[in-house]
There are 4 protein chains.
Amino acid sequence: MSRTKGEESKRKLLQVAEELFAKKGYQSTKISEIVANAGLTQAAFYLYFKSKEDIFQQMLEDFDQQLIYLSDVGKKAVELSPKDVKSYVTNMFIQLFTVLGKNPNLTKIALQHATDSDRIRKKIVEQIANNMSNNQRFGIVKEEIDTWIAAESIVAVTERLVNRYLLTREKTEEELGEQVAQMFLSGILNHLKSGD
Amino acid sequence: MSRTKGEESKRKLLQVAEELFAKKGYQSTKISEIVANAGLTQAAFYLYFKSKEDIFQQMLEDFDQQLIYLSDVGKKAVELSPKDVKSYVTNMFIQLFTVLGKNPNLTKIALQHATDSDRIRKKIVEQIANNMSNNQRFGIVKEEIDTWIAAESIVAVTERLVNRYLLTREKTEEELGEQVAQMFLSGILNHLKSGD
Amino acid sequence: MSRTKGEESKRKLLQVAEELFAKKGYQSTKISEIVANAGLTQAAFYLYFKSKEDIFQQMLEDFDQQLIYLSDVGKKAVELSPKDVKSYVTNMFIQLFTVLGKNPNLTKIALQHATDSDRIRKKIVEQIANNMSNNQRFGIVKEEIDTWIAAESIVAVTERLVNRYLLTREKTEEELGEQVAQMFLSGILNHLKSGD
Amino acid sequence: MSRTKGEESKRKLLQVAEELFAKKGYQSTKISEIVANAGLTQAAFYLYFKSKEDIFQQMLEDFDQQLIYLSDVGKKAVELSPKDVKSYVTNMFIQLFTVLGKNPNLTKIALQHATDSDRIRKKIVEQIANNMSNNQRFGIVKEEIDTWIAAESIVAVTERLVNRYLLTREKTEEELGEQVAQMFLSGILNHLKSGD
DNA sequence: TATGAATGAGGCTTCATTCAT
DNA sequence: GATGAATGAAGCCTCATTCAT
C-alpha cells in the first residue's frame with residue numbers, strides 16, 4: 001500500500017462518516033461515533049477536517065464528481081427505430097441506477113441534507129429534463145408530458161429504489177432499470193390503445 | 001369557541017411544531033423555537049407533551065388517521081371499459097395527491113423521520129401494492145410489473161411532487177394527478193406498439 | 001429585597017466574573033470557575049449571557065457609565081491663584097483615583113483586554129489631554145509639555161497605583177492623590193529654580 | 001555562521017514567540033502559531049523547550065539579564081550642582097527608556113504575565129526606589145515624596161510610553177526621556193513657587 | 001394553566017503535549 | 001535534528017427536561 005498512514009485515517013473517517021450519515025442522518029450522527037468506528041480519537045478528526053460540516057462537504061464533492069457521468073445519460077434517442085428506442089432508454093435507466101447506485105449512501109445523504117439537497121437534486125433533474133425536452137422536440141417524447149414533472153418523478157423513483165432495493169442488495173441495477181423503463185415507457189396498464 | 005384554553009395551547013403547539021418540523025426537520029427544530037412561535041414558555045410545552053418525541057408521535061397519529069382514506073384508493077378497476085379504467089386510475093392518483101397534499105407538512109415529516117418513515121411508508125405502499133396485485137390478477141395490470149416496485153415508485157413520485165409542487169402551490173392536485181396517471185399508465189414515449 | 005431570583009443570579013455572576021477577570025485575566029478565567037463561585041451550573045450562565053465575551057462586554061458597559069464622571073475632572077484651572085491651582089489639581093487627582101478606584105477590578109480588566117483596552121484608554125487619555133491643552137493655552141500648563149505624553153503618563157500612573165495600593169487598601173485615594181499631584185505639579189526634586 | 005542548525009532553530013523559536021507573545025499575549029499565542037511562523041513542526045518545539053511555560057521563562061531570563069544594567073541608573077546624584085542634577089536625571093530617564101525600549105516586546109510581556117509581572121516589576125521598582133531613597137537622604141529628593149509610590153509611578157510611565165511610543169517608533173528614547181524628566185523633576189505647572 | 005429559573009448530559013472544538021520513525 | 005500522526009484533557013456552548021411557585 002502506497003498510502004501514508006494519515007491518508008489512510010482520513011479515508012477511514014470519510015468511509016465511516018458516509019455510512020453513519022446514510023444510516024442516521026447528518027444531525028444524529030455524532031463525531032464521537034465516527035471516530036469510535038474509525039478507531040481514532042476525537043482530536044484526530046480535526047487533523048483532517050475543519051468541522052463536522054467540512055467532512056460532509058468533502059463527501060459531497062466526491063459525489064458531485066460522480067454526477068458528471070450523468071450528463072450523457074439519455075442524451076439523444078433520435079434516429080433509432082422504436083424497438084431500439086426502448087432498449088436505449090432501458091439502458092439509460094440502468095445507467096442512472098448504476099451511477100447513483102454506485103454510491104447509494106452518498107445518494108441518500110446528498111438528497112437529504114437540508115442545505116444541499118435542493119442544489120444537487122436540481123443538478124440531476126435539470127440534466128434529465130433537458131434531455132427529455134430535446135427528445136420531445138424530435139417527437140420521441142409525448143407532447144403532453146411536462147418534462148420537469150417527469151424528470152422529478154424519475155429522480156424520485158430512482159432515489160427511492162436505490163435506497164430500498166440497491167442498498168439492501170435485494171435487486172440489481174438491471175432489474176430495477178428494466179422495471180422502471182417499463183413503467184415509464186409503456187405504462188403499467190395493459191391494452192391501452194394510444195389516444196385514450 | 002368552545003375549546004378550553006389548554007386545548008387551544010396544545011393545538012397551537014402541534015401546529016407550530018408541524019410547520020417547523022417540515023421546514024427544518026425534526027432534529028434541527030428546537031423546543032425553544034416551537035414554544036417561542038406558539039407564544040408560550042418551555043415549561044408549558046411539558047404540560048401537553050411528555051417529550052419532543054411525544055409531540056412528534058401525536059402528529060403522526062393524526063397523519064395515520066388521514067391515511068385511512070387511502071385504503072379505498074384504486075381498490076378495483078375490474079368491470080370497467082379500458083377508457084373508464086384510465087379515468088378511474090387518473091382519479092385515483094388525484095385522490096392520492098389530495099390525501100397527501102392535504103397535509104404536505106405531515107407527509108414530508110412522516111416520510112423523513114428516521115425511526116418512523118419505514119413503518120409509514122410501508123403502510124401506504126402496502127395498500128397500493130395490494131390493490132395493484134388484485135388488479136393484476138384480473139389482467140388489468142401488466143404481468144411483468146413488480147407491483148411492489150411500482151407501488152414504491154408511485155409513492156416516491158407522489159411524495160416528491162407534493163413537496164415540490166403542492167407545498168409551493170405551483171401545481172394543483174388535478175394537474176399532478178393527470179400527469180402522473182399519464183406517465184404511469186400510458187408511458188412517456190410515443191408510438192410504442194404493445195408488445196415491444 | 002425586591003430583586004427577582006434571576007436578577008440576583010445575574011448580578012452574582014457579574015460580580016464573580018469581575019473578580020476573577022481582574023485576578024486571572026480574561027483568557028485564564030474559565031466559565032466553569034465563574035459559575036462554581038456563583039453557586040450555579042454552567043448552563044445557568046447562558047440564561048443571562050450569550051457567551052463569555054458577552055459577560056465581559058456587559059461589564060465594560062457598566063464601566064463606561066462610570067467614566068462619564070471623568071469628563072469634569074480638571075476641566076479648567078483658570079482664574080485661580082497659584083495656591084488654589086495646586087489644591088484644585090490635587091483635588092482633580094483625588095477624583096481620578098476615586099472614579100477609577102471605585103471599581104479597581106474594572107479598571108484593571110478594561111485596560112488589559114486586548115480588544116478593548118485601546119478604545120477605553122484612549123477615551124480617558126483624550127479627556128485629560130484635552131483639558132490639559134486648554135489649560136496650556138491659558139498659560140497654566142507649561143508650553144514644553146507634550147500634553148498627550150503627559151496624559152498617557154497620568155493615566156498609567158493612576159492605573160498602576162490603583163492596582164498596587166487601592167486594591168490592597170494600603171493607601172487611600174487622598175494619599176495617592178496628593179502624592180501624585182505633588183510629583184506631577186512640583187516635581188520630585190528640591191530647589192530646582194524654574195528655568196534650569 | 002558558526003551556529004549549529006539546532007541553535008538556529010531555537011533562536012528562531014524564541015524570536016517568533018517573543019513577537020507573538022507581545023502582540024497577542026501569552027494565553028492567546030498558540031504553539032502552532034509559533035512553529036508555523038518559525039517554519040518548524042510542533043514536535044520540533046519540544047526539542048528545545050519543555051513546555052510553553054518553559055519558552056516563556058527562558059525569554060524572561062534574557063530579560064533579567066538586561067535589567068542588570070538598570071542597577072546603575074540614577075545611582076547617585078550627590079555632589080552635583082542643581083543644573084547638573086537635572087541633566088543627570090534626564091540622562092537617567094533616557095537610560096531607562098533605552099534599557100526597556102531595547103526590548104519593548106519583552107518589557108510588555110514581562111510586565112503583563114500574571115505569575116511573573118509582580119516579581120519583575122518589583123525588581124525594577126526596587127532599584128529605583130532605593131536609589132531615590134539614597135538621594136533623599138542627601139536632600140536631593142524632596143522629603144515629602146514616598147519613594148515607593150514615585151518609583152512605581154516612574155516604572156508605570158516608562159512601561160506605558162515604551163508600549164505607546166517606542167514600539168510604534170513614534171518617538172525616540174531621547175524625546176521621551178526629556179519629557180518624562182521634565183514632568184517628574186520640575187512638574188507640569190508653571191510658576192509654582194516652592195512651598196505652596 | 002402557566003411561568004421563571006435551573007440543570008444534566010452531551011456535543012463540537014481546541015490545544016499542549018507525546019511518540020514512533 | 002526533525003516530522004507525521006495522534007492523543008488527553010479541557011473549554012465553550014446547547015438543549016431537552018424538571019420543579020417550585
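From a predicted model like this one, the values you see are computed outputs, not experimental measurements.
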### Task
Just jot down the salt bridge (charged side-chain N to carboxylate O under 4.0 Å, His left out) partners of D64(A), sequence neighbours excluded, or say none.
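Testing D64(A) for salt bridge (charged side-chain N to carboxylate O under 4.0 Å, His left out), a comparison that skips the adjacent residues, returns R119(A), K123(A).
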### Message
Using the salt bridge (charged side-chain N to carboxylate O under 4.0 Å, His left out) criterion, which residues pair with K23(B)? Sequence neighbours excluded.
### Response
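K23(B): no salt bridge (charged side-chain N to carboxylate O under 4.0 Å, His left out) contacts found.
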### Task
Could you tell me which non-hydrogen atom of Q27(D) sits nearest to which non-hydrogen atom of K30(D), and how far apart they are?
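What the structure gives for the nearest pair is O-NZ, 3.3 Å.
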#### Entry: Residue-level proximity of residues 42-56 of chain C to DNA chain F when a heavy atom falls under 4.0 Å
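Of all residues in residues 42-56 of chain C, the ones placing a heavy atom under 4.0 Å from DNA chain F are Q42(C), A43(C), Y46(C), S51(C), K52(C).
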### Query
Where along residues 9-32 of chain D does a heavy atom come under 4.0 Å from DNA chain E, residue by residue in number order?
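Output list: T29(D), K30(D), I31(D).
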[X]: partners by side chain to side chain contact (heavy atoms under 4.5 Å, CB included), with sequence neighbours left out:
X       : answer
K10(B)  : L14(B), Y48(B), F49(B), Q58(B)
Q112(B) : K108(B)
S117(A) : none
A17(A)  : F21(A), I34(A), I55(A), M59(A)

### Task
Identify, with sequence neighbours excluded, every residue that meets side-chain hydrogen bond (donor to acceptor under 3.5 Å, both in side chains) alongside T168(B).
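For T168(B) the side-chain hydrogen bond (donor to acceptor under 3.5 Å, both in side chains) partners, ignoring immediate neighbours, are E170(B).
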### Task
Could I get the full list of side-chain hydrogen bond (donor to acceptor under 3.5 Å, both in side chains) partners for E159(C), not counting sequence neighbours?
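In terms of side-chain hydrogen bond (donor to acceptor under 3.5 Å, both in side chains), with neighbours along the sequence ignored, E159(C) is linked to R121(C).
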### Task
Please find the earliest and latest nucleotides of DNA chain E, in the 5' to 3' direction, that have an atom within less than 4.0 Å of any heavy atom of chain D.
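For DNA chain E, the relevant span reads dC15(E) to dC19(E).
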#### Entry: Partner of Q15(B) under side chain to side chain donor-acceptor pair (under 3.5 Å), chosen from E19(B), K12(B), R11(B), E18(B)
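The option that passes is E19(B).
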### Task
Can you pull out how bent the helix from dA2(E)-dT21(F) to dT21(E)-dA2(F) is, comparing the axes over its first five and last five pairs, to 10°?
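Overall, the helix from dA2(E)-dT21(F) to dT21(E)-dA2(F) bends by 30° from one end axis to the other.
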### Task
Taking the six-membered ring of F45(A) (Phe, Tyr or Trp), confirm whether the NZ or CZ of K52(A) is under 6.0 Å from its centre and within 45° of its axis.
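No cation-pi geometry.
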### Message
Under a 3.5 Å threshold, yes or no: a donor from one side chain and an acceptor from the other, between Q57(B) and E53(B)?
### Response
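The answer is yes; a qualifying pair exists.
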